[in-house]
Structure formats: structure tokens, C-alpha cells
Enquirer: 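First, the structure itself, so that you have it in front of you.
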Amino acid sequence: MKTLSQSASLTVSDLTEMNAANSAGLRDEIRASLLESQLELNLDLSATRFIDSSGLGALIALQKTMRARGGQLRLLRPSPVVLQILELTRLHRVLEIVPA
Amino acid sequence: MSDFLLCCPAIGPGFDLLGRPRPLALFPFLGRPLLDLALADLAARGRRSGLVLTNDRPAEIAAFLLEGKPWGLRTELVTTAGEPAAEAAQHLPAGAELVVLDHLPGAAPGGLWDAPAALFAALSSELGRSGADRLGIVQTQPGVFVHRRARVSPQAHLSGPCWIGEGAGIGPGAEIGPGAIIEQHSLVDAQATVVESFVGPETYVGQMTELRQSFAWGSGLVKWSTGSQTEVTDRFLLAALGTRAPTDGSFLGRVKAAWKAAFSSARD
């Protein structure tokens, strides 16, 4: 996982898998990396080759975190398989997606 | 004397997941495997005996063929090392008709296995052409074909064209169609949506899920419009029915249990 911290935003990339084994850790790590001034959290999912319900749960939890501070979560360039799972679960209507 | 040579398809790019549950020759088109349709067509055109070439799970093909008896044919199965169509020339008897299973009978040759989008186009075409032709199917409203032994909740919404096979179940609030094919013994749970999509045999489609422009068979999910394919590991979203929660063991028991679960959760 790579992070790019700027004054108003945090961008996270190189998330290759979001599964039951790592999603809670990723969520906590991202939350810990957020500065109070950062109201925009960008998750670059272009390299994500696998996501399951645990990964989706982490996305929802992070969205809740950002909303609670008046900010927003954006999913950048989700890979085709991530898009498939988001669509299957209808979360593409709930989460903000910035396509490639 | 053989008067036809029939080449089964090999699994090509983009068909890893769709070719996994069974050989592509047995891919169902509205409840009938492609090989069944081809053999029935050959028999109807007066053919009597022939060779069937395959390189994919020959035991399953042999079990289905039963030496051609169900079609009044005599068939011999030949297992090839490579793609059957590429080896057809060395097996083709003089004067025999060559049939490559890359199209539906009556359709232009080729194309079926070029890409998942081409396969879905063929399925849609078959739905428009012979949706009502299958045994036990009735048209309940324009373009809506449902098997007599399918169980469709009165609270489900069906929009033509769509086809629901034998033993399939559709839960309350589910939206099926347009352009939906639900194969035999599958279960689409409550509030799920299936539009321009194919649900393979014995597949569970979870509550409130949404399938658009997709093939779903077992845990395999293929977006035909993009060619993207993935394995769904959460069984409450998509699964082969045989892998769901343990029941009394029989397939019927599993379907019954899935139905019970679907309707009890809908009421709770």
C-alpha cells in the first residue's frame, strides 16, 4: 500500500487485494494516516485484482469515516473485477467512482 | 460408415470460467446443451452415424452422448490432443459432413466462442427464436417464457424477453428481464435483479444482488459487455447451489432449503 498525503487529501494506491485477511488492517491503517485537515480520501483501485465482502465492508467504513468529518471518499479507476463486484452488490450507486 | 464429423469446442480465451462447470459443448441454450441441439439437427436432416471429436472432458461428453442412441444416431467419440476443429481434416471420412460446434443449428457458422458478447448474442437470438419451443415451457405474458415446474413468486417482476427454466426459483421482489435467461434449477433470491444476463444451471443469485450484461454460473461472474471475469467468493452473493449451506444432501433438498431460506428471510 502506498499513500500520498497532501494538505486536503490522502490518496492510497497499490491495493492489490482487499479480502478477509487484510481489509480490517487496511481500513485501520488508512484511518490512522488521515490528517484532520484532509477531507478527501482517494483510493486508487486500478491495481486491485480481488475484492470480497470484507473489502467492501472496509470501503463502506471508510466512507462513513469521511462523511462523519464532512469529507468524501472517492474510488479512482477501479479495475474491471472491482467494478463487477461493486455492480453485483449495487455499491456502485452508493460509492463515488471516478472511472479510468 | 460415418456421414458426419462433429467437432466440440475447446476452451478459448475469455471462457475460463464459463467453460469450468461443464465442457462448452454442453453449454445450455434454454435448457438444452449445444451438443443436443446439433445432434437433433443432424438426425432431423437424415444423418445416421458419425464421429464426435473433443479434447475437453471426454468422459462427460461420452456420458451425455450414450453413443448417439437418444437421437437415433450411432456415434463414436474420439479424443484429440489439440483443438478438435484443427484436427478435423485427419479424421473426416470421405463424403461426411463437417460440423463445428461454433454456432447454433440454422445460424451462420462461426463466432459463438469468439467472445462472451458473441455467446450472449446467440443466446438472445435463441430466446427470440425458440423460447417457447422447449418442453414444459409456457408463455405467461408476451416474451416471458416460464417452465411449468419453475417457482416464481407472485411478487417477482418479469419483463420480456426472459426465460426461466425447469426447477428454477424466483424470489419475491426479484426483477427478471428484459434479456434474462435463468437456467434449470437456479435460484434468484428476493429483490435481486437480472437484466440482459444469463444465470447458469444450479446457481444461486443472492438477495438484492444485481446482474447486468453478465453471465453468472456457479461462483463465476463474467461481464459479457467488457469480457471481464472474476470469481465471487462470498456465497451469499453468488454460488453453485451445491456449495451452499448443508441440507439433507439431495439436490432437491438443497433447492428446498434455499427456497425456505429465501422466503423466511423475506418475511422476517
Side-chain angles (χ1 to χ4, degrees), chain A residues 1 12-28 30 43-64 67 73-100, chain B residues 13-14 16-18 115-117 120 173-176 179-180 186-200 203-240 243-244:
Chain A
M1 181 180 99
V12 182
S13 59
D14 269 14
L15 298 162
T16 53
E17 289 206 3
M18 297 185 73
N19 55 34
N22 70 356
S23 289
L26 285 172
R27 178 200 63 204
D28 294 345
I30 291 168
L43 297 186
D44 183 339
L45 300 181
S46 59
T48 309
R49 298 288 163 252
F50 179 82
I51 189 166
D52 64 8
S53 58
S54 301
L56 297 175
L59 297 181
I60 296 293
L62 289 169
Q63 186 193 47
K64 204 172 166 185
R67 282 186 174 169
L73 167 71
R74 296 194 306 174
L75 308 182
L76 308 183
R77 299 178 290 279
S79 65
V81 298
V82 171
L83 270 179
Q84 278 186 278
I85 300 297
L86 290 173
E87 289 172 4
L88 178 68
T89 54
R90 303 182 196 247
L91 286 177
H92 64 304
R93 299 208 174 92
V94 176
L95 298 165
E96 185 180 341
I97 295 171
V98 180
Chain B
D16 313 60
L17 290 180
L18 291 177
F120 191 79
E175 292 186 25
I176 307 297
S186 283
L187 174 65
V188 178
D189 212 336
Q191 308 291 334
T193 296
V194 182
V195 173
E196 292 183 309
S197 294
F198 167 94
V199 175
T203 296
Y204 171 75
V205 179
Q207 207 168 26
M208 297 191 73
T209 55
E210 182 171 302
L211 287 173
R212 287 184 188 272
Q213 299 187 333
S214 296
F215 286 93
W217 193 349
S219 57
L221 181 64
V222 179
K223 184 99 174 169
W224 59 257
S225 54
T226 64
S228 173
Q229 51 180 328
T230 190
E231 181 93 27
V232 178
T233 55
D234 294 297
R235 291 179 181 179
F236 62 90
L237 295 175
L238 190 68
T243 65
R244 294 199 75 232

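Just so it is clear, the values below take in all heavy atoms, side chains as well, and ignore hydrogens, waters and symmetry mates. Reminder, nothing fancy here: chain letters follow the sequence lines and each chain counts from 1.
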Enquirer: Using non-hydrogen atoms and a 4.5 Å limit, figure out which bit of B:Val205 sits close to chain A: side chain, backbone, both or neither.
Expert: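 For B:Val205, no heavy atom lies under 4.5 Å from chain A.
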Enquirer: Sort B:Ser214 into side chain, backbone, both or neither according to what part of it lies under 4.5 angstrom from a heavy atom of chain A.
Expert: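 It is neither, since no heavy atom gets under 4.5 Å.
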Enquirer: Please flag which part of B:Ala192 lies under 4.5 Å from any non-hydrogen atom of chain A: side chain, backbone, both or neither.
Expert: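 Only the backbone of B:Ala192 comes within 4.5 Å of chain A.
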Enquirer: Under 4.5 Å heavy-atom distance to chain A, tell me which part of B:Thr233 shows up: side chain, backbone, both or neither.
Expert: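 Answer is side chain: those atoms of B:Thr233 sit under 4.5 Å from chain A.
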Enquirer: Would a 4.5 Å heavy-atom cut-off, applied to side chains only, mark B:Glu210 and A:Arg93 as touching?
Expert: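 Yes - at least one pair of side-chain heavy atoms lies under 4.5 Å apart.
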Enquirer: Is A:Ile85 close to chain B through its backbone or its side chain, or both, or neither, when contacts mean heavy atoms under 4.5 Å?
Expert: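 Contact with chain B: side chain only.
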Enquirer: Looking at B:Lys223 and A:Gln84, what are the two nearest heavy atoms and their distance?
Expert: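 Shortest heavy-atom separation between B:Lys223 and A:Gln84 comes out as N-NE2, 3.3 Å.
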Enquirer: Which one wins on heavy-atom pair count under 4.5 Å against chain B: A:Val81, A:Asn19, A:Leu83?
Expert: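 Sorted descending by pairs with chain B, the first entry is A:Val81.
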Enquirer: For residues A:Arg90 and B:Met208, report the shortest heavy-atom separation together with the two atoms involved.
Expert: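 Heavy atoms only, the tightest pair is NE-O, 2.6 Å.
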Enquirer: Out of B:Leu211, B:Asp234, B:Thr230, which residue meets the side chain to side chain contact (heavy atoms under 4.5 Å, CB included) rule with A:Leu88?
Expert: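 In the set B:Leu211, B:Asp234, B:Thr230, the residue that makes a side chain to side chain contact (heavy atoms under 4.5 Å, CB included) with A:Leu88 is B:Leu211.
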